[in-house]
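Data block below; observations after.
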Amino acid sequence: MATSPGEPEDILRPILNTSKKYYIAFGIAAAVALLWSAVYGWQLEEGLIVTNLADWGSGGGSPWGLYIGAFIWWVGIAHGGIILSAAVRLFGMKRYQPVARVAELLTLGALSMAGLYILVHMGRPDRLVLSVVPAYPWTVRTSPLAWDVTVITLYFVMTATYLGLTIRYDVYHLRDRLPDYLGPFYSLVTLGYSETEEEIIERMVWWLALGIIVLAPLLLHGGVIPWLFSLIPSMPGWDGGVQGPQFLTIALTSAIAGVIIISYALRWGYDWDHILTDAMFRGLTNWLGLFGLLFLWLQLQQVINGVFAEPVAGKTAMVARITQPYYIVAIGTVIVILAYVFAQAVDQRQFSLVRSLTASFLMLFATLTEKVLFVFEGLLYPHFSLYEAVPGHYFPSIVEFSSLAGTISLCTLFFLVIVKLFPVVELHAVEDHHDEHEHEAVHDEEVTS
Amino acid sequence: MSTEDTQDDEPRHPYETEDSFHPLGEEWEDRMREELEDTEYDADLGMQMARDAQRLVAGEISEEEFYAEYHDDVEEEFEADDRPLFDDVDPAEWDDIEDESVAESLAEADLQGDETSRREMMKKMGAGAAFLGYGAYATYDFQPADGAPDNVSSIRPAPKDEREHRWGMVIDLQRCDGCLSCVAGCIDENGTSTGANWMYVFTYENHDSEQENFLVRPCQHCSNAPCAKVCPVRARHTRAKDGLVLTDYETCIGCRYCQVACPYGVNYFQWGEPDVEMSRLEHLDMRPEEVRQLEGGDYDDRDSERYQALSDANDHVYDHRGRWTDSRPPQGTMGKCTMCPSRQDGHTDNPKGTVACMDACDAAGMSAIHFGDLDDPESRANRYLERRTEVERTVLEKWEGEEDEDLDIETTASPTSEISTFRLLEDLGTQPNIVYLGNKPGPNAEQSEPPTPYEVYSGSSNKWGVEVVDERKEHLDYGPSGPPEQEGEEGGE
């Protein structure tokens, strides 16, 4: 690799300097988030009638729509992010160490947005705590939604712990170069720190990573989130054990895309070409292709199963899905992305950062579209199809669309605040460049090609 | 757990059985006793407290009684009783308290003592917590019908010998002519908003015939209701005593998972402000929490303070538990056909065992809907079902051996066919409590134009002056401001 390895100074730069780009990004994100909060305020006041949701059945609509679709999408990004980071630690994928923390932060940010969507989706958000808590010991045995809330909370705690443990090292070793006005925060983060803990922390983090790798695919996006739908026997479009793996591939695909976008922004903003290298982006692009391929493969399984000899209701639901223009656009987009990914894998000249960035944006668009379609199309083609108003119609209202802009801005704000608090690239990552750079680079090249 | 000694009509709570008061049985109880005996404290007192804690969990004794009972003993044993006096504890907070308060206050008592007893205390606390925690868990798990605190409801009717009724309907589709009187009767009774047709009547044609068929669709009040199962807050629940599937409007968070899980599409969310204001529905000058706090009796207890208040007011909003489950839902919560719980609890002017849609159907001279206790062979529903099948048998018997002509066959299309009964989507395992007499819609059945349009009951044709439409989406799409004024009279078309 021609670039010089990173220095601790590099990873401190975002905290110590504030560029014009930063102010502009912050300003735009804050403005959009504020605007959406006003829109949400209107929804609180008037009720969910400001959305285009309605009752299924004689009502002729879909009671779940963009809000739930976006909720799954954010949770997917979150789960995939932490899986990436855990894989770096467990399997020693050193090439991706510079983005491990970005992936962890993306998990926290995206999970928060998913949590926010639960609130936004509810008719009576004011009752969230008072209604959920008292009945929880009983509902958790029967309601997939209660499982969901449980596991998301568990996940948030695990990720936050993971991050909290790993930043102790960085903050301690960089403390004298970090700004004093954040002193109390750093004292809190490094509370009770001693150099002898490093080995123990490392072990703890390893076990946490193991826990996450086991939990996430089996229980989270491969479990409770798809179970919200696949356990409901009345909606054939949601049926089947394939939903677990399907949700997981979409989560991983979306998360890789998310990590590429944020890493690109960081590299562009802080001239981190030597830390977030082209090689790393190429690797991430390959992973995007691999998971995207799995995503398409599982779609194919569902389509073939649905249209060949399925009972009437299942067939109706599947035929409706594959003839839906948005679905065709989403799947077509993934195919185009895959064409690029495999072209650049075969011929490196086809690779460019901007192309990978574009592919990532398109991928997130495709996965979001698929998620929203999955939710409301499932509801429009129930087993009990006697209602003339079924399938009804649904297209998200401006209020619903604005929530996407709002949550994306909030997540951006989250990152903009975090880059000012502590290094978003691990100190280990730039230190390791010093120690093992030559060796690792050669090794990684062999693994990924 | 013994079940031998439960012959009398009141089901026994596990703590009352002879061999063990603990739901997990004698062995568990013995283990707990051993743990307690390991400590320096009085094991008998611990066991006695645990026994009564079970009663506390079951709601048989109050927190106050529990504390009064043991105050002296605890003080003697631990030289302090810092457990709070629960004068100001709202019963709704019980389950926050039940798992912790005793153990916690025991711990506090200990903290004042010397260091060496702390370990002992932890042991004892563990045993106590195990009792209280597991006690609560096991009680609800094995006996969902009783013992649940006020704010956590069951999702299944109680077993047959423990429930009072299993309300349901027998609907004779051959008697229905699609006049929609039941739909209008329901709207008048409940004040539902435009398009939220809790009672809905399909007019449909099967592919191979031109014949007009009807399917009357209230909520099926399933005995294995998917909507109650998936509710994350137990707002949607099944009343254990009589199997009614209801929504507690004060608990519902409006997530709409019940609507998603219901295979029949009977739920109607209150997307915006309801069309009929609360003041027009409520005859009782009390807030919901005040109603709940009135001294209430058991199911059908006519002497209680709450029953008196509700029946004096001819209330149609609260059920016997003082919970707001009847009439249309408030904004942001889920509504659906309730089978009129305030009537079934006997505190309205309409008699128990009737529902508004049935009354309207009878008044229209159709008598297609027969509501009643499906457990009771003498209920209107069961008697009707029996009579209808009897009629059929008689016709068949008459036909046998006779040659032709002067047979008076009114009710069957063909003398050799038995009248069929069915339940909707029975193979989904929901155990619906609506039994239909007549033809089941085929797989390719299609809804057709109803002979009486829903809009007929709009405006001045119903008690509230609300607009009535078949499909609700268009109406909702107007948003919070509602449809433009001039279109109000014309309906949704």
Side-chain angles (χ1 to χ4, degrees), chain A residues 42 45-61 63-64 118 121-128 130-139 141-146 148-149 228-229 231-235 312-313 378-379 382-384 386-390 392-394 397, chain B residues 92 95-96 136-137 140-141 148 151-152 155 195-197 200 202 204 215 226 229-235 251-257 259-273 331-334 424-425 428-429 441 443 445-447 470-474 476-477 479-480:
Chain A
W42 187 52
E45 200 175 313
E46 299 290 351
L48 286 160
I49 194 159
V50 300
T51 66
N52 275 351
L53 298 165
D55 310 296
W56 84 264
S58 75
W64 283 6
I118 295 183
H121 166 82
M122 274 167 37
R124 291 298 304 260
D126 52 313
R127 292 177 177 168
L128 186 62
L130 283 179
S131 283
V132 172
V133 174
Y136 179 78
W138 294 272
T139 53
R141 280 177 270 161
T142 52
S143 170
L145 206 53
D148 224 64
V149 173
L228 269 184
F229 305 92
L231 302 185
I232 303 297
S234 39
M235 304 295 164
V312 179
L379 283 162
H383 266 291
F384 190 57
L386 187 52
Y387 296 99
E388 198 200 14
V390 164
H393 52 110
Y394 168 72
S397 70
Chain B
D95 57 341
D96 296 337
Y137 186 93
Y140 301 128
D141 201 26
N151 52 354
V152 180
I155 53 169
N197 301 316
Y200 186 78
F202 290 93
Y204 70 92
L215 181 70
K229 225 191 247 176
V230 301
C231 177
V233 296
R234 286 284 158 90
T251 312
C252 177
I253 55 173
C255 72
R256 313 190 284 290
Y257 203 11
Q259 188 170 27
V260 165
C262 170
Y264 307 102
V266 304
N267 291 280
Y268 296 89
F269 190 65
Q270 196 60 51
W271 299 95
E273 196 54 43
Q331 180 177 319
T333 63
M334 192 60 77
L424 271 182
L425 304 179
L428 291 182
E446 270 178 30
Q447 210 178 351
D470 184 348
E471 194 200 308
R472 194 185 190 191
K473 178 84 170 92
E474 199 179 328
L476 290 175
D477 283 348

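Here is how names work: the chains are called A, B, and so on, in the same order as the sequence lines, proteins then strands, and each is numbered from 1.
For chain A, the nearby part of B/D477 is the side chain; its heavy atoms alone come within less than 4.5 Å. Contacts of B/Y200 with chain A are made by side-chain atoms alone, with heavy-atom separations under 4.5 Å and no backbone atom involved. In this structure, chain B has no heavy atom under 4.5 Å from any part of A/P382. Interface remark: B/L425 contributes side-chain atoms only to the contact with chain A (heavy atom separation under 4.5 Å). For A/M122, the parts sitting under 4.5 Å from any heavy atom of chain B are the backbone and the side chain alike. Only the side chain of A/I232 has a heavy atom closer than 4.5 Å to any heavy atom of chain B. Of the atoms belonging to A/L386, heavy atoms from both backbone and side chain fall under 4.5 Å from chain B. When heavy atoms are compared at a cutoff of 4.5 Å, A/Y136 does not approach chain B at all. Within the 4.5 angstrom heavy-atom criterion, only backbone atoms of B/C231 (N, CA, C, O) approach chain A. Looking at A/L231, neither its backbone nor its side chain comes within 4.5 Å of chain B, counting heavy atoms on both sides.
With hydrogens and angles disregarded, a donor-acceptor distance shorter than 3.5 Å links the side chain of A/S131 to the backbone of B/T251. In terms of modelled atom types and a separation under 3.5 Å, the side chain of B/Y257 and the main chain of A/L228 share a donor-acceptor contact. Although no hydrogens or angles enter the test, the distance criterion places no donor-acceptor pair under 3.5 Å between the side chain of B/K473 and the main chain of A/W56.
A perpendicular orientation is assigned to the rings of B/F202 and A/F384, their planes being inclined by more than 60° (bins at 30° and 60°).
The two residues B/C262 and A/M235 have their closest heavy-atom pair at O-CE, 4.3 Å.
Comparing A/H393, A/E46, A/E45, A/R127 by how many heavy-atom pairs each has under 4.5 Å with chain B, the most go to A/R127.
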